Amino acid sequence: MFETEVQDMFQRLRKSSDFSSEFAKRRAVLILSLAYGLGLRLSEIQRLSLSDIDFSENMVKIERQKNKRTTYLPI
């Protein structure tokens, strides 16, 4: 049941006309996909910067506030 709700959420986001551009829509889908796929909290998403993403190793560095640890997750 949960899986169909997630698929529905992504489908609605892709069909939405609330974005100022196609780029903004794609960016929102990408951010949501990354957050969902990695199990990130909102605060962890807000603190992400481009330097936290290692494209050569396909890893994302997450600074966990809850337990004060740094976690590396595969993209």
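Keep in mind it's a predicted model, so treat the numbers as computed, not measured. Residue indices begin at 1 and follow the sequence shown.
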Engineer: Evaluate Thr70 against Lys61 for side chain to side chain contact (heavy atoms under 4.5 Å, CB included), listing each step before the verdict.
Structural biologist: CA-CA 7 Å; Thr70 300; Lys61 181 175 86 172; 3.4 Å; yes
Engineer: Taking atom CG of Asp52 and atom CG of Leu73, what is their separation to the nearest 0.5 Å?
Structural biologist: 11.5 Å
Engineer: When you group the ILVMFWY residues by side-chain heavy-atom contacts below 4.5 Å and let the links chain together, are Ile45 and Leu34 in the same group?
Structural biologist: yes
Engineer: So, the side chain of Arg47 versus the backbone of Ser43: is there a donor-acceptor pair under 3.5 Å, distance only?
Structural biologist: yes
Engineer: Between the side chain of Lys25 and the main-chain N/O of Arg14, is any donor-acceptor distance below 3.5 Å?
Structural biologist: yes
Engineer: Do Gln11 and Asp8 come within less than 4.5 Å of each other through their side chains, counting heavy atoms only?
Structural biologist: yes
Engineer: How long is the span from the CG atom in Leu50 to the CZ atom in Phe55, to the nearest 0.5 Å?
Structural biologist: 5.5 Å
Engineer: Looking only at heavy atoms, which two atoms of Val29 and Phe10 are closest? And how far apart?
Structural biologist: O-CE2, 4.0 Å
Engineer: Strictly by side-chain hydrogen bond (donor to acceptor under 3.5 Å, both in side chains), give each pair with a member in residues 32-41 just once, sequence neighbours left out.
Structural biologist: Arg41-Glu44
Engineer: I'd like to know if Val60 and Ile31 are part of one continuous hydrophobic network [Ile/Leu/Val/Met/Phe/Trp/Tyr, side-chain heavy atoms within less than 4.5 Å].
Structural biologist: yes
Engineer: Are Ile62 and Leu48 packed together at the side-chain level, in the sense that at least one heavy-atom pair is separated by less than 4.5 angstrom?
Structural biologist: yes
Engineer: Looking at CZ of Arg69 and CD of Glu63, how far apart are the two atoms once the value is rounded to the nearest 0.5 Å?
Structural biologist: 13.0 Å
